[in-house]
Amino acid sequence: MPEGHTLHRLARHLTAAFAGRSVSVTSPQGRFSESAAQLDGDVLVGAEAWGKQLFVELAGDRFIHIHLGLIGKLDLHTYVDQVPPPVGQVRLRLVGESVYADLRGASACDLWTASQRDAVVAAAGPDPLREDGDPGRAWDRIRRSRLPIGALLMDQSVLAGVGNVYRAELLFRAGMHPLRPGNTLRSGQWQALWDDLVPLMTEGVRTGRIDTVRPEHTPEAMGRAPRVDDHGGEVYVYRRHGQPCLVCGRRVSIEALRARNSYWCSRCQPVFRSRAVG
DNA sequence: CTCACATGTTAAG
DNA sequence: TTAACCTGTGAGC
């Protein structure tokens, strides 16, 4: 679940459910107990995301810093009378008047000061989901790097919030091979990637899914049988290795890029040849 | 039942 | 480069 859109969606829901009221903060599992005790009953100011980092602000410039990692989940539920007992390992539980939230499996849940938060935000790349996201900051890194664009897009210090699904899908939509070196891109190509990412991820925040297939390429439009991706969204290449490309029919390729599987279509995303003549 | 793997990151070797 | 961490799910026996 957790690429940047998931965290922004959570920030929005947390703010709507808890902001401006006092919240009960506990750690049924125990690993956040000490911090929870310091926050319990205080006013929750709001929640905000930067890339994959989530910050829940409590009165007094205190921030619960959450990173879901690969498998973490933060689930919001409504309750009527009593809050049900925790199921499984609940690292953090927030309880408001009619809503509670349970955090499980996160790779980070810590109590931070404002300056700790600021330091992490300063080290992160621009976030396409934020109003203040500045693509020029990412471009400064990309244009100087010989690393593949597929690696740069997932480097959170270059660009914040993009994960393995958006990487694969963005590059497919751009017709760009994941191994193309960053310093071979033209500025307009980077701008086009950013301009595609903003509405794509914004839609992800709205729906809670990653859908990247253009209307003209849906199975229906292409006269093929409808299909369902097991990860909730309609995508071109992510985890579709060995299956036919939705556009050209060639088998989708897979290769590990920096310990993460990278997926692409070798016909729609041809290998880049630098300034090849002829 | 066990095992591999997952939309992520960090630290050890 | 590899292992570790945290949890859930689906495939296979």
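Chain identifiers are assigned alphabetically (A, B, ...) following the order of the sequence lines, protein sequences preceding nucleic acid strands; residue numbering begins at 1 within each chain.
As rounded to whole Å, 16 Å separates atom P of dA6(B) from atom CZ of Arg240(A). The NE2 atom of His5(A) sits 14 Å away from the C1' atom of dG8(B) (whole-angstrom rounding). Computed from coordinates, the Leu159(A) CG to dG8(B) C1' distance equals 15 Å when rounded to whole Å. For the pair Glu3(A) CD and dG8(B) C1', the computed distance is 10 Å after rounding to whole Å. Here dG8(B) presents its C1' atom at 12 Å from CZ of Arg167(A), a figure rounded to the nearest Å. In this entry the distance linking NE2 of His8(A) with C1' of dT7(B) reads 15 Å, nearest Å. Between the P atom of dG10(C) and the CZ atom of Arg239(A) lies a distance of 10 Å, rounded to the nearest Å. To the nearest angstrom, P of dT1(C) lies 11 Å from CG of Leu257(A).
Every residue meeting the ring-ring contact (aromatic ring centres under 6.0 Å, His included) condition with Tyr100(A), not counting sequence neighbours, appears here in chain and number order: His77(A).
Legend: salt bridge (Lys or Arg N to Asp or Glu O under 4.0 Å) pairs involving residues 148-177 of chain A, not counting sequence neighbours, sorted by first then second residue: Arg141(A)-Asp155(A), Arg173(A)-Asp196(A). Sequence neighbours left out, the pairs with a member in residues 29-45 of chain A that pass salt bridge (Lys or Arg N to Asp or Glu O under 4.0 Å) are Asp42(A)-Arg62(A). Residue pairs meeting the salt bridge (Lys or Arg N to Asp or Glu O under 4.0 Å) criterion with at least one partner in residues 110-120 of chain A, sequence neighbours excluded, are Glu48(A)-Arg117(A).
Here Arg260(A) reaches the OP1 or OP2 of dG8(B): one of its side-chain N or O atoms lies under 4.0 Å away. In this structure, His67(A) reaches the dT9(B) phosphate: one of its side-chain N or O atoms is under 4.0 Å from OP1 or OP2. Applying the 4.0 Å criterion to OP1 and OP2 of dT7(B), one finds that Asn261(A) has every side-chain N and O outside that range. In this structure, Tyr166(A) does not reach the dT7(B) phosphate: none of its side-chain N or O atoms is under 4.0 Å from OP1 or OP2.
Apart from Val90(A) itself, the hydrophobic cluster it occupies contains nothing, where clustering links Ile, Leu, Val, Met, Phe, Trp and Tyr at side-chain heavy-atom distances under 4.5 Å.
Looking at heavy-atom distances under 4.0 Å, Asp155(A) makes no contact with the nucleic acid at all.
Of all heavy-atom pairs between Leu200(A) and Tyr166(A), the closest is O-OH, 3.9 Å.
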Pairs under 3.5 angstrom, nitrogen or oxygen only, protein versus nucleotides 4-8 of chain C, please.
from   : atom 1 : to       : atom 2 : distance (Å)
dC6(C) : OP1    : Arg31(A) : NH1    : 3.4

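Counting heavy atoms of neighbouring residues, nucleotides and ligands inside a 6.0 Å radius, atom CZ of Arg250(A) exceeds 12 of them.
Here the separation of dG8(C) from dT10(B), taken at their P atoms, is 23 Å to the nearest Å. For the P atoms, the distance linking dA4(B) with dA4(C) amounts to 14 Å, nearest Å.
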